[in-house]
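First the structure, in the form of C-alpha cells, and then the observations on it.
None of these values were measured; they are calculated from a predicted model. Side chains included, hydrogens not; waters and symmetry mates left out as well; all remaining heavy atoms used. Every chain is numbered from 1, with letters handed out A, B, ... down the list of sequences.
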2 protein chains.
Amino acid sequence: MSPVLPLPVTLADRASCAATDILRRVGEKWSVLILALLADRPYGFNELDRTVHGLSRRILTRTLRTLESDGLISRRPTPERVEYALTDLGRSLLPLVIAIGEWAVEHAPDIEAARALSQSESL
Amino acid sequence: MSPVLPLPVTLADRASCAATDILRRVGEKWSVLILALLADRPYGFNELDRTVHGLSRRILTRTLRTLESDGLISRRPTPERVEYALTDLGRSLLPLVIAIGEWAVEHAPDIEAARALSQSESL
DNA sequence: CTGTATCCTAGCGGATACTG
DNA sequence: CAGTATCCGCTAGGATACAG
C-alpha cells in the first residue's frame, strides 16, 4: 500500500526517512556527548580533548567537522584557541536528543530484560 | 558494545550516553522505516520484503532480529506467516523518533545550506 | 594548541544463491 | 513463506606518529 523509500507519502514516511538521516549523523559515537558539553558553554579543541576521555584527536576532529558541516556547531578561531560552540540549529535539536536519552534511561530495565531474554533463547 | 565513557555525572551526561546507545540502534538504515510501518498494523515477513523497496532479505532479517532483541518489536509465527508487530516499548519510543524526523523536515533548508557552505569552502 | 598522515580492525549494508 | 550461507566493499572508530 504505502510506496516507500523513493516516494515517501505520509508524514510518518517522510519524517522517518529524514529521521534516519539525522539519527545516523547524531548517532556517531561522540556526537551527542559533544553537543551536550557545548550546550553549557563553548569549548576549545584541547579542552574537549582533555574533557572527553577515550576520544582520540583524530576522531574528535572528524566529529567536529561533521557537526560543523551539518550546521549544528560553529568553529571560531581566536588568537589563543579555536572555539567550538553550539549553533541555534544545534540548540534546537538537542532537546529532542536528550528526550531520547531520558527515554532510554527510563526504559533501561525493559531493554535489558528484552536483551537478556533473546540472549538466553539463542543458547 | 563499548563500555561507555567516563562516569556520567549530570542528567544531561547520563541521558546523552544512553541516547547514543539508542540512536545507534534505531539509526540503523531501515529501523525507523520498519518501526513506522509497524505503527499502523502488524506485517508479515514477505509483506515487509515487498513493501520496502531496496531492502534485501538478509538485511531485513538482521534488522528485525535487532529490533526484536531490543524489545521494540515482537515476532509471532502463525500457520500462514510470521507476524511482526510493535511492542508497547517500541510504541513508546516512536513519537520521539518521529519528532526528530519532523525536526529534520522542518530544518532541512538550514541543514542543506550549512552543507552547501562547507562544501564550497573545501574547494 | 590544533590538527594531519598512516595504518589497522570490526561491523554495517548489500548482491547473489541456496534451503526447509 | 521465511529465512541462511557466502562473499565483498565501504566507512566508523582507533592507535600512533608527525607537523604547523
Results of side chain to side chain contact (heavy atoms under 4.5 Å, CB included) for A:D21 - residues two or more places apart only: A:R25, B:R115
By side chain to side chain contact (heavy atoms under 4.5 Å, CB included) - contacts of A:S69 (at least two apart): B:S118
Which atom names give the shortest non-hydrogen contact between B:L86 and B:A39, and what distance separates them? CD2-CA, 3.9 Å
Nearest whole Å is fine: how far is D:dG3 P from B:L60 CG? 8 Å
Rounded distance in Å - CZ (A:R81) to P (C:dG3): 12 Å
Residues two or more places apart in sequence or in another chain: which of them pass side chain to side chain donor-acceptor pair (under 3.5 Å) with B:S56? none
Expressed in angstrom and rounded to an integer, what is the separation of A:L67 atom CG from D:dA12 atom P? 13 Å
Integer-rounded Å distance: D:dC1 P and B:R75 CZ: 15 Å
Under the criterion side-chain contact (heavy atoms from CB on, under 4.5 Å), I'd like the reasoning laid out for A:L60 against A:I34: C-alpha separation, chi angles, the key distance, then a yes or no. CA-CA 9 Å; A:L60 175 56; A:I34 289 175; 3.8 Å; yes
Does A:Y84 make a side-chain N or O approach to OP1 or OP2 of C:dG3 shorter than 4.0 Å? yes
Could you give the CG-to-C1' distance, from A:D49 to C:dT4, as a whole number of Å? 14 Å
For atom CG of B:L48 and atom P of D:dG3, their distance in whole Å: 10 Å
Starting from P on D:dA2, measure out to CG on B:L64 and report it in whole angstrom. 11 Å
Residues in side chain to side chain contact (heavy atoms under 4.5 Å, CB included) with A:A113, at least two apart? none
At under 4.0 Å between heavy atoms, which parts of nucleotides 13-20 of chain C does protein reach? Answer with one letter per nucleotide, 5' to 3': B base, S sugar-phosphate only, - none. BBB-----
With B:N46, which residues qualify under side chain to side chain contact (heavy atoms under 4.5 Å, CB included), at least two apart? B:D49, B:R50
Mind checking side chain to side chain donor-acceptor pair (under 3.5 Å) for A:S92 and listing every partner two or more places apart, or none if nothing turns up? B:W103
Based on the rotation axes of five pairs at each end, what angle does the helix from C:dC1-D:dG20 to C:dG20-D:dC1 bend through, to 10°? 50°
Looking at A:R65, does any N or O in its side chain come under 4.0 Å of the phosphate oxygens OP1/OP2 on D:dA12? no
Check the distance between D:dA19's P and A:F45's CZ and give it to me in whole angstrom. 17 Å
Which donor-acceptor pairs under 3.5 Å do the side chains of residues 77-85 of chain A make with protein atoms, sequence neighbours left out?
from	atom 1	to	atom 2	distance (Å)
A:T78	OG1	A:E80	N	3.3
A:T78	OG1	A:R81	N	3.0
A:T78	OG1	A:R81	O	2.6
A:R81	NE	A:E83	OE2	3.4
A:R81	NH1	A:E47	OE1	2.9
A:R81	NH2	A:E83	OE2	3.1
A:E83	OE1	A:R76	NH2	3.0
A:Y84	OH	A:R75	NE	3.3

